[in-house]
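None of these values were measured; they are calculated from a predicted model.
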Amino acid sequence: PLRRALVAAPGWADVPTDLTQQLTEELNVLDTETLDGADTSLVEVSVKANYRQLGKRFAKQTPQIAALIEATDPAAIALQLRTENQLVLEHEGEAITLSSEDVLITETPREGWAVATDLGETLALDLALDDELRALGTARDVVREIQEARKQSGFDVTDRITVTWSSSDPAIIAAVNEHADVIAAEVLATSFAEAPAEHSHVSDSIDLAFSLETQAAR
C-alpha cells in the first residue's frame, strides 16, 4: 500500500464520503486528499491552449485568446478551473469565459510521485515507502498466502482454522506480530501463533512457513 493519493478535479469536494473511501481502497492507499493550487511544492503546472476547441468559438481570434491563456499564471488557471469550473479572462476590455476543455493542463509531480492528468483532472500518488507501509504490505502477503493454502487444503470458506507460523526474517516476524489480529480476522483463525514447528506450507514469495488445522464452523 501507498501512503496517500492527491486528487484535483472539478466537483471533487462534493463526492460522498463512501465513494472516496471506495476509491482509497481501490487505489490501495491509506488516505485520499485534495490537491489544490496551494500545493505548488508537489507539482509543477503548465498550460497550453486547446486550439481545436478554441477555434470552434473564436475563429480568427483564436491566436490572441491562446496567447492570453499562455501568458496567465498556470497555477492560477488550474485553481480557478477546479474551484469555479470555468476560467474568466479579459480580452480587449471584455470578459471571456473558458471551460476546462479550452485549456490543456499538465501537472508534473516532484520526484517520488506518480501523476495522471486528463481534461483538468489530476491524481497524484505518493510513492515513498516506509517501515509502516512495508509491514502492512507483508501482512497482506501473509493473508494471501494463507487464503491460498486454505483453498488448496479443501477447507470451506466458513471453516475456522488455527494457524502456526515461523520465519527467519526479523522484519517479517515483526510485521506479522504487529498485524496478527488483522491477519487472524481475515483468515478466520481462532488461533494465530508463532511456533518453531514443522510446517506443511512454505511461501514462495516471502520468508514464511505455516501450518493450518481446521475447526468446523458452528
Side-chain angles (χ1 to χ4, degrees), residues 1-130 132-134 136-137 139-141 143-144:
L2 298 177
R3 176 66 58 186
R4 58 178 176 159
L6 303 183
V7 180
W12 170 249
D14 300 323
V15 175
T17 301
D18 59 334
L19 292 183
T20 60
Q21 290 175 344
Q22 181 178 349
L23 175 65
T24 299
E25 294 174 3
E26 291 290 338
L27 292 176
N28 195 18
V29 295
L30 301 189
D31 193 21
T32 306
E33 304 173 9
T34 299
L35 170 65
D36 58 35
D39 294 314
T40 55
S41 63
L42 295 180
V43 296
E44 178 180 348
V45 182
S46 62
V47 299
K48 291 183 179 180
N50 187 341
Y51 281 84
R52 177 174 296 182
Q53 188 68 24
L54 291 173
K56 297 177 183 179
R57 295 179 54 195
F58 298 103
K60 295 182 179 180
Q61 288 187 310
T62 296
Q64 293 100 318
I65 303 300
L68 183 61
I69 291 172
E70 294 171 7
T72 304
D73 177 42
I77 289 178
L79 179 59
Q80 188 175 153
L81 284 173
R82 287 196 199 104
T83 57
E84 303 177 15
N85 293 322
Q86 63 180 15
L87 173 65
V88 179
L89 299 176
E90 184 175 333
H91 176 63
E92 296 182 350
E94 296 183 3
I96 296 176
T97 301
L98 305 174
S99 70
S100 58
E101 295 181 351
D102 298 318
V103 183
L104 303 176
I105 299 177
T106 301
E107 293 176 291
T108 305
R110 66 185 182 187
E111 185 177 357
W113 291 77
V115 67
T117 300
D118 184 45
L119 295 178
E121 300 177 352
T122 298
L123 186 140
L125 295 175
D126 185 348
L127 302 181
L129 295 178
D130 55 30
E132 178 186 0
L133 294 175
R134 292 188 180 94
L136 185 55
R140 293 180 179 180
D141 285 340
V143 168
R144 183 174 62 252

Query raised in the report: Got a sec, which residues hit side chain to side chain contact (heavy atoms under 4.5 Å, CB included) with L136, two or more places apart in sequence or on another chain?
Result: P1, L30, R140, H179
Only pairs under 3.5 Å count here: list side-chain donor-acceptor contacts from residues 59-75, not counting sequence neighbours, and write none if there are none.
unit_1: T62; atom_1: OG1; unit_2: A59; atom_2: O; d: 2.7
unit_1: E70; atom_1: OE2; unit_2: A49; atom_2: N; d: 3.3
unit_1: T72; atom_1: OG1; unit_2: L68; atom_2: O; d: 2.8
unit_1: D73; atom_1: OD2; unit_2: A76; atom_2: N; d: 3.2

Report summary line: In terms of heavy-atom contacts, S100 and L81 come closest through N-CD2, 3.8 Å
Query raised in the report: In Å and rounded to the nearest 0.5 Å, what is the CG to CD distance from L54 to E101?
Result: 11.0 Å
Requested in this report: Looking only at non-hydrogen atoms, find the nearest pair between T24 and V29 and report the distance.
Outcome: CG2-O, 3.0 Å
Query raised in the report: Looking only at heavy atoms, what is the nearest atom pair of A78 and I105, with distance?
Result: CA-CD1, 3.9 Å
Query raised in the report: Is the closest basic N to carboxylate O distance between D126 and R3 below 4.0 Å?
Result: no
Requested in this report: Could you tell me whether the side chain of V15 reaches within less than 4.5 Å of the side chain of L23, counting heavy atoms only?
Outcome: no
Query raised in the report: Going from CG on L27 to CZ on R4, what distance comes out if it is rounded to the nearest 0.5 angstrom?
Result: 14.0 Å
Query raised in the report: If you round to the nearest 0.5 Å, how far is CG of D102 from NZ of K56?
Result: 10.0 Å
Result block: side-chain N/O donor-acceptor pairs under 3.5 angstrom for residues 87-98, not counting sequence neighbours:
none

Requested in this report: Please report the C-alpha distance between L6 and T32 in whole Å, then the side-chain angles of each, then the deciding distance to 0.1 Å, and finally whether the side chain to side chain contact (heavy atoms under 4.5 Å, CB included) criterion is met.
Outcome: CA-CA 6 Å; L6 303 183; T32 306; over 6 Å; no
